[in-house]
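Structure, as structure tokens:
Residue numbers start from 1 in every chain, and the chains themselves are labelled A, B, ... in the order their sequence lines are given, proteins ahead of strands.
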Amino acid sequence: MPSLIHAPVLIVAVLLLAAFVTPLIGKRPATVNAVFLGAGLVAFVLSLSMTVRVLAQGTLSYPVGGWPAPYGIVVLVDVFAAYSSLVLATVALIIFWFAAFGPREVRHNGAYFTLILLLTAAMQGMVMAGDLFNLFVFIEISSLAAIAIIAIKGTKESVEASFRYLVLSALGSGGLLFGIALIFMITGHLNMDYIRTTLTVTAEQYPLNLLTSIGLMGVGFGVKAALFPMHVWLPDAHSNAPTASSALLSGLVVKVYIIALMRITYLALGLEIFELLPIRHLFLALSTGALIVGSVFAMVQDNVKRLLAFSTVAQVGYIFLGFGLFSQRAIEGGVLHILNHAVMKSLLFLAAGVIIHQSGIKRLSQFSGLGRKMPLTFVAFTIGAMSMVGVPGTAGFISKLYLALGALDADMLIFAILILISSLLNAAYYFPIIISAFFGKESDAGATDPAFVVLAPVAVLAGMVFFFGLFPSIMVPLVRQTALLFVR
Amino acid sequence: MAIIERLYTNIYYLVSVVLFIIGFHTMLTHNNLLKKIMGMNIMDTSLFLFFVAIGYIRGGQAPILREGVMQYVNPVPSALILTGIVISVSFTAFALALVVLLHKHYGTIDADKIIALRSKRHA
Amino acid sequence: MRKTLTTAVLLGLLVLLTLMVVEMPLYGDPNAPAHQGIMQKYLDDSARDTGAINTIAAIIIDYRAYDTLGEATVLFVAVIAVTAALYGGYEHA
Amino acid sequence: MQATSYALTLPVMVPLLLAVVIYAVGQRSWQLRNGLSVAAALSSFLLVVQHYRTIMADVTLVAEFPELLPPLGVSFRMDHLGFLVAAVVSFVWLLVTIYSTAYMVKEHAKNRYYPFSVLTLAGAMGVVLSGDLFTFFLFFEMMSLSAYVLVIHEETAAAMRAGYRYLILTIIGGLALLFSIIAVFHQAGGVTFTPGGLPLEADGLAFFAYLGFLIGFGIKAGMVPLHVWLPEAHPVAPSPASALLSGLMLKIGAFGLIRVVFQVFGLEMMEATKWNDLLILLAAITIFLGSAVAITQDDIKRRLAYSSVGQMGYILLGIGLLQERALIGAIFHIFAHAFMKSSLFLAAGAIIYNTGKRKVSDWVGMGRSMLITMSVFTVAALSMVGVPPLVGFVSKWELALGALDAGSVAFVILLLLSSLMNFIYYFPLIQNAFFGEGLAHTAQAQPKRENVPLAMLVPMVVLAAVILIIDLLPYNIALELAERAAHSLFLTVK
Amino acid sequence: MLAAINLLLLLFLVVCAIVVARTKDLLSATIIFSAYSMVMSIIWQQLHSPDVAITEAAIGAGATSLLFLAAISRTGRHEE
Amino acid sequence: MHDMILEMLGRVLIPATQLFGAYILFHGHLSPGGGFSGGTIIGASFIFYSLVYRFSAKKHRLRHETSLWFEIGGALIYVGAGLVGILFGRHFLTNQGVFPIGEPGRIWSSGMILLVTLGIGAKVAGTVFKLFQELLEGGAEQDGHH
């Protein structure tokens, strides 16, 4: 198919088109649903075919408008971008289904779908961007849309959380733009490849500028990716959003910024940066903090969605840990965890949303006996939780295994132990929920499993947890090549 | 002395840095939510000023092509800022909408009071 | 307390950024690195390539049109977000 | 000699799939559910013993799937040791499952019990047939976690508490194992069980790995400082589940330790580093403490549970001594104890089923009313004490010889002491049951007549029969296998 | 001469920014912010970036201020 | 309330502003300005219009849907112009060789740039007006006291 070369922009364009069209047909829910899901499906198919193509033929670079780099904007799809795009498209499609047919938590679905489509389009654009300013534009779209899909719930808490998110996000954007300005100042380029080659010449002349620029961009991305200690906005924002938004935010949005950050480091700054600056050690220190703080705070939560949000803080730590350890396997583990965490955290949030909607209970202390009333939902929740803990056979185990192996490869025994301890912490807060839900004393709250159409995305995600837990080799070519981008 | 001279030459950069800090400070420390948003705008415009200053070339003319002009200023930063300004106004608009909503819910737009109200409700 | 701390941190940042300003390329210098990259091609070729004599218009809507599409999208997001936040959806309007 | 046989996966996969089917049909037909549960164990057993000839021809069967779960891969392997333990596990499981079809009639949530029992079987079979540490770990976790559901089956407060303790320790053990496996993989570049051990260096990391294995398997095997879950969990489970837990699952821990000591670290390294001293020390404490505490227990299932702790000590001792004859004793004891402890728990279960009496002191005169059950109990108990010619005797004999080979008489004395303690806590019970005149109980209703369904009686009797006659047979298959297994484990040393 | 004017404009910018942060009256702050944007736009015109200047004048000084005014009309004029 | 002076002013100022905005729009590729500034100016004139006639008896108010149509129309023109490039076998958002470029310096020149500028202008005008309206009175009917 000749138009496959256009896939990198078509994915974005299709999602944007659907987003633009949905307000026009907003008064007919069935049509809106069809457009919404159709766009997601088309994006998925395009992303899949693009990934296959990238695997077969190597990096795909698409000059938008026909202008070659550095003059035009180039969309650069390397293995990492292809992998990220595929993860995004797959998980997003499942969440789309839930948003369309799941319990309704916003007053009007039309605007909600529009925002979700815009968010997804921006994320797709972001992971494939080969141009620094283009990346910034997509980051801004996704930030704004991400805040909007929290605020759309309209409760006091969600509005307040989204405002706080907005302020911090704007600070992050400011830092990011400043960083980009400095980079442009000392290179005169915006294309990442050209920045890298120019920097080899000019970096010595302007070291402080470059350093400040990296610092500012790091803080900008850190805030948006909720890297400890810049995670303060996350628990409120993710726990007060509508269910589908929580899944999108925790499962995908947070990770997209990590992907963008890592792409900047190897595309624009060059790998030498890891040797020149103590970035690895910073990552290691911060991710250790994230693992401990996220887990400890998660343990004391009584609201299920807040627990899941704090757990996201910890899980973001895993991904950064992978890049901090910087051995081949550790990076593979970190990259795999992007997928695995996306799948399992979406699963947990969707299952939690179903539970809350069906029973009206959000406090964990009242979950007692609910598992017997809505077994299918709770089995799905259990699968997600087991994956979080890292029970073998589930997806979460695989990334932890790779990370632990990578820690030993990097001669850092202590981090292998840290990963295991954090698994134990995960177990300490997930298993009591499950035990009390299945075997606890029954409360009088009435609840049943929802209709099949609501449960279908949850079931698919649960299946994916096992699938990627048992056959991670499907992702191995992509993940290995991604790691090779960093470790040569 | 050389440093002062250099700072004077780069006075536009210096002013934009100062404005950046003022905006940042306003955003972080002011309780009034509208002031926070104004701080955000000041921060953004300071960056735009920085960009424009990067693009300036001594003796350059506006980059609209015409006969007889030898030197134009760099058009690239200007093009980027156009995008930046629009993004900034979008953020502002949405932030203002949230402030309006918060005012509706809490009857105040003071961050401390909102936090106090919320924790009272929780207690 | 928190405000004092923030102010102190920001003053520190200001000092750092001022040092950075000292190091920056000189203002208005035609030989600054920022002008060595992609600028000249735009000034030379934009009229021929795009037919627009306003180079900035040529850049934003032709060379870097993808950015501007994103920019237009941001505005669209803002509109939908504002309506959605205030009404909970645009169907109401 | 090695041969590839993908049929090795069947004893694992069949119960795994059947577990799902059982859950699905459980809602509709209890006959089909029970039948399939028995069929799962039976097919596992048959699928294992079909390899009898091959194994006796000293062929090791392997099946490798390196593409699955990279970078470690999944592999299966059946040697003498694996064959023996797999056959024992599936055979006892079969009998216990038959028993439970009758026993569980009185229980609730049967639709949960059977699928998880079969799932645990699949896990156990996977463990004993695994060809490398990683596969071992996968199935080990699967077995441990599904056994949790068996432990808390009653859902009483005590059961939940015991289950929680079990779960936490299982997770800690699992993580310790995972750490060790990763460390081994890092150092040796592979985790396949290799005769003679993997190329490991005896440095700090390897020692931590050894400690990790000791913790991981020690928790499962009820080794003393880590045994705390065991006396809580075994009594609260339904009796057939207790039989499975005590009779079989404990052995899996010991089995893992054998694999690790002989096929991961290797005999040479263990002898050079003297790391086995730690194991011997712990084993000795385990033997002594388990037996001693058992005397003080009045609840029959708690007494049996502590007795299991003591008996596991024998096996651990047999492993730690690093002597061929001691290892024969250990391996044979895996077999022997599986049969003895299962029949004890099943008999105890039958009595509780019939009379509801859990306290040993209430069992006065029980032998007269429940003759068959109590006879089974007696045979197994005597075997535990080590009365020849019952199976328990043989393992103790071999162990004692092994201890003498190692040059330490102290362990022989310890074995004798432990036998004595076994005698102390079993014999008065039996005596009372058959000959005691319960003064306090004569006023109350006489114990009911033996009213135990055939499905419960037959498995008990079969178990007791094996205990009775296997040593009298001209050809002791189990001993033969144990000898060959131990021999092949030692063969690699010059 | 021109340099002096530019310096004055820059000084005005900084003063405006501080005053915006300090003023209690939100309406005044908005007006001052509008003036700030206007000055910014003049500076950009001085730097020969007329496109940006015109956009800032329209969007920064115009639209943003209008939006602020709309919000203030619903939330109250004075900072508490 | 009915303000004569405002209406008089409006009658003069609004067309003037709109004309100015249209000039900036159409000369985006020739002189400073373009879609965003021109669109904003036109949007501001709409705002002025709606404010002036806010209380007039004749309800001269612009409907919300109208601005939404502007909004979406502009966005669709942009994406559509991009897809035309692909249809012509070129790349997304290609101008040269797909749209007639014309002679530099004329109004009807530069192909896609003019088209997209007009699209953006329409979109931004709608956006600015709608944002203002929403902030001024959006969701107000639920307040009760407004």
Which atoms of [X] approach chain C - backbone, side chain, both or neither, heavy atom under 4.5 Å:
X      : value
F:F99  : neither
F:T127 : both
F:L30  : both
F:P100 : neither

Could you report the tightest heavy-atom contact between C:V79 and F:E71, atom names first, then the distance?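 Here C:V79 and F:E71 meet closest at CG2-OE1, 3.6 Å.
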Minimum heavy-atom separation for F:E134 and C:T83, please, with both atom names. OE2-CG2, 3.1 Å
Rounded to the nearest 0.5 Å, what separates atom [atom1] in [X] from atom [atom2] in [Y]?
X      : Y     : atom1 : atom2 : value
F:T40  : C:L75 : OG1   : CG    : 8.0 Å
F:I120 : C:I61 : CD1   : CD1   : 4.5 Å
C:I80  : F:I72 : CD1   : CD1   : 6.5 Å

Where along residues 47-58 of chain C does a heavy atom come under 4.5 Å of chain F, listed by residue number?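 The stretch touches chain F at C:A47, C:R48, C:D49, C:T50, C:G51, C:A52, C:I53, C:N54, C:A57, C:A58.
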Flag, side chain of F:Y78 to backbone of C:T73, donor-acceptor distance under 3.5 Å: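 The answer is no, because no donor-acceptor pair under 3.5 Å joins these two groups.
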Are the side chain of F:K123 and the backbone N or O of C:A72 linked by a donor-acceptor pair below 3.5 Å?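 Looks like yes, one N/O pair under 3.5 Å.
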Note: vs chain C, highest number of non-hydrogen pairs under 4.5 angstrom among F:V128, F:V124, F:L114, F:L131 is F:L131
If we define contacts as heavy-atom pairs under 4.5 Å, which of F:G34, F:S109, F:G35, F:G28 has the most with chain C?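 It is F:G28.
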All ring pair (Phe, Tyr, Trp, His ring centres under 6.0 Å) counterparts of F:H27, not counting sequence neighbours: F:Y23
With only heavy atoms counted, which part of C:T68 is less than 4.5 Å from chain F, the side chain, the backbone, both or neither?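 The answer is both parts of C:T68.
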Kindly check if the number of other-residue, nucleotide or ligand heavy atoms within 6.0 Å of [atom1] ([X]) is above 12?
X     : atom1 : value
F:F20 : CZ    : no
F:F70 : CZ    : no
F:I5  : CD1   : no

F:L93 and C:Y63, any side-chain heavy atoms less than 4.5 Å apart: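 Of all side-chain heavy-atom pairs linking F:L93 with C:Y63, none is under 4.5 Å.
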